Enquirer: 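Provided herewith is a single structure, encoded as structure tokens, for subsequent inquiry.
All figures in this text were calculated on a predicted structure; none of them were measured in a lab. When a residue number appears, it is its place in the shown sequence, counting from 1.
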Amino acid sequence: MDFWQRYRAIDARDTRFDGQFYTAVRTTGIYCRPSCPARTPKAGNVTFYETSAAAHEAGYRACKRCLPEAVPGTPAWNVRTDVAARAMRLINDGVIDRDGVEGLAARLGYSARQLNRILSHELGAGPLALARASRAQTARTLLVSTPMKATDVAFAAGFSSVRQFNDTIAEVFAMTPSALRATACHHGPARPAPGSTALTLSLPYRAPFDPGVFGFLAVRALPGIEEGTDRSYARTLRLAHGDARFRVEYAAEEAARPLRLTIGAVDLRDLPALLSRVRRLLDLDADPSAIDAALGADPRLRGSVAEAPGMRMPGAIDPQELLVRAMIGQQITVAAARTALAQLSACGQDSTVPADGLDRMFPTAAEIAGGGRELLRGPRRRIDSILGAAAAMADGSLDFGYGDNPESLRSKLLPLAGVGPWTVGYVSMRVLGAPDVFLANDAAVRNGVRSLAAAAGSVAGSSPDPGTGTGSGSVPGSPTLSPDFSEVSPWRSYATMHLWRAAAAAQAAARTSTKPRKKATT
């Protein structure tokens with residue numbers, strides 16, 4: 001977006017752009033979110049910044065009226081694949097808090113000095129300033145959403161001391177922590193019931209939100225490790241400082257339709273990483289309006305987008321776990337993969353924080369490499385490839401994660417036995433949030449194409465072209481369309497989600513129609 005496109009967005013108070021850029025006003029020394037209700041400043045007094053950290057570094061303070069830190073993150077970190085985007089994904093996952101700037105730079109293949117120069121040029125702030133802004137955002141969320149003591153908030157947000165926490169809150173928000181907490185009555189979700197030890201937070205997102213992501217996770221949930229419904233998802237997970245457990249629920253019946261995250265157990269040092277991973281899991285930083293506009297322009301997807309606006313692309317809580325799940329799930333049904341993974345999970349350990357039927361951890365790569373052979377079923381070559389990948393992850397020779405881009409991920413995974421383009425594409429979608437992956441050889445994708453073409457033909461009063469097979473899925477009255485859905489690039493991963501949805505709906509309808517009907521009794 002250029003200057004005037006952004007200026008028109010703030011003049012319209014457009015909430016779709018909250019978190020995608022920040023508006024700083026020289027005459028007031030304040031920066032705001034695009035939808036701030038304050039009077040639109042003169043264009044000559046406005047500077048736009050990519051990140052809140054850049055506004056901090058330039059000497060601006062957060063607006064007390066619109067609280068620009070209380071917004072979804074920018075979707076650019078998934079759309080972009082450059083060093084800056086990869087760094088932001090790792091910073092949000094808490095890498096600087098755990099490994100420092102040197103550790104972040106090493107993961108990206110740069111020196112700390114080079115990385116600081118790149119981020120300062122691209123985002124207007126260096127890695128330490130970006131991490132500091134992330135801590136401030138986490139601290140604000142905890143202050144307004146929970147009854148945690150300020151001292152606990154400070155360390156949970158990643159600050160090394162209470163003094164550093166107080167100074168940062170004062171500098172960023174021009175308020176004390178207690179004054180910031182007082183804004184909860186206007187901006188924060190309800191606090192937990194008295195006596196509750198769980199943390200309950202409201203997760204911001206850009207509307208619309210399609211809860212189908214919960215159904216996607218639910219049908220793949222592993223007993224004892226995960227639990228899901230069409231409106232909720234819970235699981236155990238392993239973080240840097242210990243085991244954790246969370247549940248997230250979509251309150252569709254409430255006017256604001258909040259997403260509530262209840263953290264049942266977590267080491268406070270891991271809290272920022274947990275929040276970041278839950279957001280990635282549910283794709284909460286996506287820009288659904290832009291995605292739906294592009295997908296809805298394709299006649300093959302128009303009906304599906306109208307039925308399910310705000311489709312999300314499920315992410316991954318743990319990159320290594322996702323690779324194992326992808327390798328086991330390729331070329332078999334979702335139900336068969338779930339059965340195989342449930343058997344494999346027996347080599348995992350019990351959770352140290354069990355509750356609510358969630359009492360196991362997904363096995364580590366080392367546990368799978370050591371004990372998976374007795375639990376896996378199928379061709380020996382396939383089992384060997386899974387165990388080989390697990391061993392490589394366990395000994396560190398295969399190291400990948402949120403800091404990769406699709407090209408680096410491909411170069412790391414394709415040399416593995418049993419890993420092909422489908423597996424790489426699927427991992428790119430879910431681990432990196434890569435938005436432009438199209439799994440052309442996926443059977444469910446092909447079935448989804450046929451289902452949507454049949455639906456479009458039915459609406460038009462004619463039958464679809466029977467020869468569409470793996471092709472474009474012709475739509476009556478439409479021009480020739482590409483079979484790889486290049487017309488909706490760079491959002492083909494979301495097109496894939498719509499095609500999977502269409503295939504699942506068609507399969508469910510087929511099962512219903514083939515059920516024997518009970519004879520009528522008189």
Enquirer: Is Asp93 salt-bridged to Arg280, going by a charged N under 4.0 Å from an acidic O?
Expert: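 A salt bridge is absent here (no side-chain N lies under 4.0 Å from a carboxylate O).
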
Enquirer: Keeping the roles fixed (side chain from Ser120, backbone from Arg117), state whether a donor-acceptor pair exists under 3.5 Å.
Expert: no

Enquirer: Using atom types as modelled and distance alone, determine if a side-chain donor or acceptor of Gln20 lies under 3.5 Å from a backbone N or O of Pro75.
Expert: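 No; zero donor-acceptor contacts below 3.5 Å.
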
Enquirer: Check Cys36, Ser35, Pro34 against Ile10 for a side chain to side chain contact (heavy atoms under 4.5 Å, CB included) and give me the one that passes.
Expert: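 Checked Cys36, Ser35, Pro34 against Ile10; only one passes side chain to side chain contact (heavy atoms under 4.5 Å, CB included): Pro34.
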
Enquirer: Parallel, tilted or perpendicular: which one describes the rings of Trp491 and Tyr494, with boundaries at 30° and 60°?
Expert: perpendicular

Enquirer: Under 3.5 Å, side chain of Thr81 to main-chain N/O of Asn405, donor-acceptor pair present?
Expert: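 Not a single qualifying donor-acceptor pair exists.
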
Enquirer: Hey, could you give me the CZ/CG distance between Phe216 and Leu282, rounded to the nearest 0.5 Å?
Expert: 12.0 Å

Enquirer: Nearest 0.5 Å, please: how far is OG1 in Thr168 from CZ in Phe159?
Expert: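 Rounded to the nearest 0.5 Å, the CZ-OG1 separation comes to 4.0 Å.
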
Enquirer: Is any side-chain heavy atom of Val162 closer than 4.5 Å to a side-chain heavy atom of Phe155?
Expert: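 Touching, per the 4.5 Å side-chain cut-off.
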
Enquirer: Kindly assign one of parallel, tilted or perpendicular to the pair Tyr205 and Phe209, based on the angle between their ring planes and the thresholds 30° and 60°.
Expert: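 Tyr205 vs Phe209 ring planes: tilted.
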
Enquirer: Say you draw a straight line from CG of Leu239 to CZ of Arg98; how long is it, rounded to the nearest 0.5 Å?
Expert: 8.5 Å

Enquirer: Enumerate the salt bridge (Lys or Arg N to Asp or Glu O under 4.0 Å) contacts for residues 43-52, please, sequence neighbours excluded, ordered by first and then second residue.
Expert: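 Every pair satisfying salt bridge (Lys or Arg N to Asp or Glu O under 4.0 Å) with a residue in residues 43-52: Arg6-Glu50.
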
Enquirer: Please check: side-chain N/O of Asp442 versus main-chain N/O of Ala444, any donor-acceptor pairing under 3.5 Å?
Expert: yes

Enquirer: Does the separation of the ring centres of Tyr31 and Tyr60 fall below 6.0 angstrom?
Expert: no

Enquirer: When you look at Val25 and Ile30, which way does the side-chain contact (heavy atoms from CB on, under 4.5 Å) test go after all the steps?
Expert: CA-CA 6 Å; Val25 184; Ile30 291 172; 5.7 Å; no

Enquirer: Please check if any side-chain donor atom of Ser232 sits under 3.5 Å from a side-chain acceptor atom of Thr229, or the reverse.
Expert: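 Judged by distance alone, the side chains do pair up.
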
Enquirer: Does the Arg33 side chain pair with the main chain of Ala70, one donor and one acceptor, at a distance under 3.5 Å?
Expert: yes

Enquirer: Whether Asp97 and Arg135 form a salt bridge (side-chain N of Lys/Arg under 4.0 Å from carboxylate O of Asp/Glu) is what I want to check.
Expert: yes

Enquirer: Tell me, with the steps shown, if Leu237 and Asp318 meet side-chain contact (heavy atoms from CB on, under 4.5 Å).
Expert: CA-CA 8 Å; Leu237 70 158; Asp318 181 273; over 6 Å; no

Enquirer: If you count heavy atoms of other groups shown closer than 6.0 angstrom to CG of Asp152, is the number above 12?
Expert: yes

Enquirer: For the residue pair Arg206 and Ser289, establish whether any side-chain heavy-atom pair is separated by less than 4.5 Å.
Expert: no

Enquirer: Mark yes or no for whether Gln114, through its side chain, and Tyr110, through its backbone, hold a donor-acceptor pair below 3.5 Å.
Expert: no

Enquirer: Could you label the plane-to-plane angle of the Phe214 and Tyr250 rings as parallel, tilted or perpendicular, counting under 30° as parallel and over 60° as perpendicular?
Expert: parallel

Enquirer: Go through the structure and list residues passing salt bridge (Lys or Arg N to Asp or Glu O under 4.0 Å) with Arg325, not counting sequence neighbours.
Expert: Glu226, Glu321

Enquirer: Applying salt bridge (Lys or Arg N to Asp or Glu O under 4.0 Å), which residue pairs with at least one partner in residues 429-440 are found, sequence neighbours left out?
Expert: Asp436-Arg492

Enquirer: side-chain contact (heavy atoms from CB on, under 4.5 Å) between Phe17 and Met1: does it pass, once the steps are laid out?
Expert: CA-CA 11 Å; Phe17 297 100; Met1 298 177 69; 3.6 Å; yes

Enquirer: Enter the distance from Ser304:OG to Arg501:CZ here, rounded to the nearest 0.5 Å.
Expert: 4.5 Å

Enquirer: Quick check against the 3.5 Å criterion: does Thr138 have a side-chain atom that pairs as donor or acceptor with the backbone of Ser134?
Expert: yes

Enquirer: For side-chain contact (heavy atoms from CB on, under 4.5 Å), just list the numbers for Ile291 and Met311, CA-CA rounded to whole Å, side-chain angles, deciding distance to a tenth of an Å, and then say yes or no.
Expert: CA-CA 9 Å; Ile291 296 166; Met311 179 79 75; over 6 Å; no

Enquirer: Between the side chain of Arg61 and the main-chain N/O of Ala170, is any donor-acceptor distance below 3.5 Å?
Expert: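 No: the side chain of Arg61 does not pair with the backbone of Ala170.
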
Enquirer: Are the side chain of Arg89 and the backbone N or O of Asp404 linked by a donor-acceptor pair below 3.5 Å?
Expert: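 Present.
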
Enquirer: Taking Thr47 for the side chain and Ala24 for the main chain, is one N or O donor matched with an acceptor at less than 3.5 Å?
Expert: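 Not at all, since once roles are kept as given, no pair shorter than 3.5 Å links the two residues.
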
Enquirer: Does Arg140 qualify as a cation-pi partner of Phe173, given the criterion of NZ or CZ under 6.0 Å from the six-membered ring centre and within 45 degrees of its axis?
Expert: no

